[in-house]
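Just so we're on the same page: letters track the sequence lines, and every chain starts at 1.
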4 protein chains.
Amino acid sequence: MKLVNSGAAPELRGPGRPRDEEARRRILDAAIELLEEVGFSSATVDAIAERAAASKATVYRWWPNKASVLTEAFRETWAPNLAFPETGSLRQDISEQLRNFSAFLITRKGRLLAALVAGAQQDEEIATALREIWIVPLRTASGKVLGRYRASGELAVDVDVVQDLIYAPFYYQLLTGYKPITAAYADAIADAVLAGVMRRKP
Amino acid sequence: MKLVNSGAAPELRGPGRPRDEEARRRILDAAIELLEEVGFSSATVDAIAERAAASKATVYRWWPNKASVLTEAFRETWAPNLAFPETGSLRQDISEQLRNFSAFLITRKGRLLAALVAGAQQDEEIATALREIWIVPLRTASGKVLGRYRASGELAVDVDVVQDLIYAPFYYQLLTGYKPITAAYADAIADAVLAGVMRRKP
Amino acid sequence: MKLVNSGAAPELRGPGRPRDEEARRRILDAAIELLEEVGFSSATVDAIAERAAASKATVYRWWPNKASVLTEAFRETWAPNLAFPETGSLRQDISEQLRNFSAFLITRKGRLLAALVAGAQQDEEIATALREIWIVPLRTASGKVLGRYRASGELAVDVDVVQDLIYAPFYYQLLTGYKPITAAYADAIADAVLAGVMRRKP
Amino acid sequence: MKLVNSGAAPELRGPGRPRDEEARRRILDAAIELLEEVGFSSATVDAIAERAAASKATVYRWWPNKASVLTEAFRETWAPNLAFPETGSLRQDISEQLRNFSAFLITRKGRLLAALVAGAQQDEEIATALREIWIVPLRTASGKVLGRYRASGELAVDVDVVQDLIYAPFYYQLLTGYKPITAAYADAIADAVLAGVMRRKP
DNA sequence: ATCTAATCGAGACGGTACGTCGAGTCTTCCC
DNA sequence: GGGAAGACTCGACGTACCGTCTCGATTAGAT
């Protein structure tokens, strides 16, 4: 007879050796490290397994393919620690957020975002993960605050469009390397988005 | 209009069989076709060579690797689409350009840009090619026109920032798939960039 | 007769999937077949792998290059033919051995020896393999028997020289195609070597 | 009007530039040099052409394939400068010849012979050349002298067999590298062939 | 205290693409 | 028309990565 775990324990286990959680962690950590070092398609499964001191079989027992490993590695590693500020001033909120965002992008994790976006082009799983773990949470968080400005009439255009305008330039720079991402750049974008690029009629 | 080089030979050729320009075209065409049919990473060099009725050796004589072939193929396909309109009205110029740009991005060929940006994250060669072949020429073309508006005072912010604001959202959507790219979206971006997102004081 | 290793494990194996001995056999068999069908330089590794239902990677995991595969395939095929007769009569031993040797050389497999010797001229690896796998074992086997005749005084010259005299002519014919190799030729060589070519003084 | 070369001129010529005999020589010399340096199959046509400061087209205009070039190179270079001595003594004739032969084999040209034999296994043209320019002339020369000893009864076995016995061991050593070729070796072979390997009855 | 079953590291396997190299052909310009 | 230069097709080579597999060795719960 089988007992149902009282309370929370979701995973009822039969006999046999249980999954080695430490190995799982080592694999995910190795995956992240390699991604940061060599990029998406150069992070081979062999290399991940070797660095994790695990075997390829273990990798493929728990993930159906390379993309899934990387996807889960992203999910686990990524705490989207980019709370949207709420100072009461629209200008200040956006300005602060963009400075924080640009500071984040130039960290190692920021570069990882580039690898993630790249991976998303080749693999739908990664594309989904990108949206779920990063794009949507970020927009939801900022959307709440911006929504209030929109409701109050202080914001003249739809929240979605505002979000595109303020965030997209940083992705663009991150992915094309056209210009370096700096605090000054963040300010320039914030100002231009808020006031528009056309001269105001006097 | 095309200027004829006065005097100096346009391309002085040494001895030896000249490069077979037709083969070059066949290879690039085959590359584009395969890119559209099966995507970036499934377009193999063998398949390109076979479809082009060329040999792999010829491919590798002129391009150092698979990525270079695909990059150049992409550039050749896109070259005609660089024109920036010049109607005299800043609003209309930007609006038209963004409609054209968005129309292009949703074609199959447009989707290739995503693959190219992805490739650039792992391969510095592609990154360089992307900048030199695509980013810079596009910005130069639009920069000329926008520069005049800036000089006349009609444009209140630097040309570079304007370019980031108007183009980046489309890259963002292309790469994240968050929202579909449509003509309406192009208009919304154009309007918001021109007027700013903040309510105007009456 | 085979000795069983007392005590110690005959072949202590580390962890990991053991080598697939069947695949090894299939590869060597395929190599021999192709060698016989199309010759040394037309037997490609791709063809060997395909016929063996193996992958090229497996071939190259165990042999450093094409020549090594073919060399080992050759050795495996020839291993049974090394026996040197021992009838008690020097004349008969040599005569029988040369008839066997000549009979072998004119089979298709025998012709492979020519290819092997040719390969050895350009590839030190093949040269080494040829010596270690073929030349030396053959001479060792015949050397044991001839050594006894030498010790008993029946043989008037050094074993090494005798071996050169009896075997070399067959290599010579095999490689130059000057004369066909027949049983009669084998007998003629045997007689001449034993008695010498000079008329005996009465 | 065209003058006929007085005397010998065998080749009446059409219009156009005549064949560049110097280029022909350079190609053949380069072929021989490369053969000596790197062996038969590593002497590529590209390398030959480059060393000869000629073009591949010139090579292929005059020779149908790589083997033919090498064949002709052999023929041109090779003066079979191995006259068979005729001292009146069978023993001395053979002894001297084998010393000369062994001295020849350890020169660069001797090593070339190994390449030639190797090439003969892959190419019938080379095999024919080997016989025509080397094997047959050498045997013909020695056959004349040996024939007289055979007629006088001093030689107890057929000339062909004698030739095989005295020459073959040197080819064997040349091609297998089993033992070094020295004057002492030559003497040992000569003695054994003349007297036979069996103990003489008292 | 076994027995059973699932997991682990190690590493070989089939498959498939990559990028390189040699043979032999062809094309252009120069003499 | 010959010759140097050099591009071309064809096809084999040897390498690398993916995802699968098969070992012996562990490690639990079930008996």
Problem set entry | Member of B/Thr44, B/Val59, B/Val45 meeting the side chain to side chain contact (heavy atoms under 4.5 Å, CB included) criterion with B/Lys66 | B/Val45
Seminar exercise, completed: B/Ile27 CD1 to F/dA7 P, in whole Å, measures 13 Å
Exercise. With a non-hydrogen cut-off below 4.0 angstrom, is C/Ala54 in contact with a base, only sugar-phosphate, or nothing?
Worked result: sugar-phosphate
Problem set entry | Step-by-step salt bridge (charged side-chain N to carboxylate O under 4.0 Å, His left out) determination, A/Glu72 to A/Arg75 | CA-CA 5 Å; A/Glu72 183 163 346; A/Arg75 288 186 197 276; over 6 Å; no
Exercise. Does A/Lys66 make a side-chain donor-acceptor contact with the base of F/dG19, cut-off 3.5 Å?
Worked result: no
Exercise. Is the phosphate of E/dG9, meaning OP1 or OP2, less than 4.0 Å from a side-chain N or O of A/Thr58?
Worked result: yes
For this session: Can you check whether any acceptor in the base of E/dC8 is under 3.5 Å from a donor in the side chain of A/Arg17, or vice versa?
Result: no
For this session: Give a yes or no on whether D/Glu50 atom CD has more than 12 heavy-atom contacts from other residues, nucleotides or ligands under 6.0 Å away.
Result: no
Seminar exercise, completed: Against the side chain of A/Arg61, the closest entry in F/dT15, E/dG24, E/dT7 is E/dT7
Exercise. Which whole-number value in Å describes the distance from C/Lys56 NZ to F/dA16 P?
Worked result: 13 Å
Exercise. How do A/Ala67 and D/Arg26 order along DNA chain F: which one's closest nucleotide is nearer the 5' end?
Worked result: D/Arg26
Problem set entry | Protein-nucleotide distance (B/Asp20, atom CG; F/dA7, atom P), rounded to Å | 12 Å
Problem set entry | Selection from E/dC13, F/dG19, F/dC23 that lies nearest to any side-chain heavy atom of C/Trp62 | E/dC13
Exercise. Nearest-Å distance, CD1 (D/Ile48) to C1' (F/dA4)?
Worked result: 17 Å
Seminar exercise, completed: Whole-Å distance, D/Glu22 CD to F/dA4 C1', equals 14 Å
Exercise. Base, sugar-phosphate alone, or nothing: which one does A/Ala53 contact when heavy atoms must sit under 4.0 Å apart?
Worked result: sugar-phosphate
Exercise. Should the heavy atoms of other residues, nucleotides or ligands under 6.0 Å from CZ of D/Arg108 be counted, would the total exceed 12?
Worked result: no
Problem set entry | Value in whole Å for how far the P atom of F/dA7 lies from CZ of B/Arg24 | 15 Å
For this session: Quickly work out the D/Glu50 CD to E/dC21 C1' distance and round it to whole Å.
Result: 15 Å
Exercise. With respect to the phosphate group of F/dT9, does any side-chain polar atom (N or O) of B/Ser55 fall under 4.0 Å of OP1 or OP2?
Worked result: yes
For this session: Please determine, for the side chain of A/Asn65, which listed nucleotide (E/dG19, F/dT9, F/dG19) has the closest atom?
Result: F/dG19
Seminar exercise, completed: DNA chain E nearest-nucleotide lookup for D/Ser41 and C/Val59: closer to the 5′ end is C/Val59
Problem set entry | Side-chain N or O of D/Tyr60 closer than 4.0 Å to phosphate OP1/OP2 of E/dT25 | no
Problem set entry | Side-chain N or O of A/Thr44 closer than 4.0 Å to phosphate OP1/OP2 of F/dC17 | no
Seminar exercise, completed: Which of F/dT20, F/dC13, E/dC26 is nearest the side chain of C/Asp46? It is F/dC13
For this session: Let me know the distance between CD of A/Glu21 and P of F/dA28, rounded to the nearest Å.
Result: 13 Å
For this session: Decide, yes or no, whether a salt bridge links A/Glu22 with A/Arg25 under the criterion of side-chain N to carboxylate O below 4.0 Å.
Result: no
For this session: Report yes or no: is the cationic atom of A/Arg19 (NZ for Lys, CZ for Arg) closer than 6.0 Å to the six-membered ring centre of A/Trp62, at no more than 45° off its axis?
Result: yes
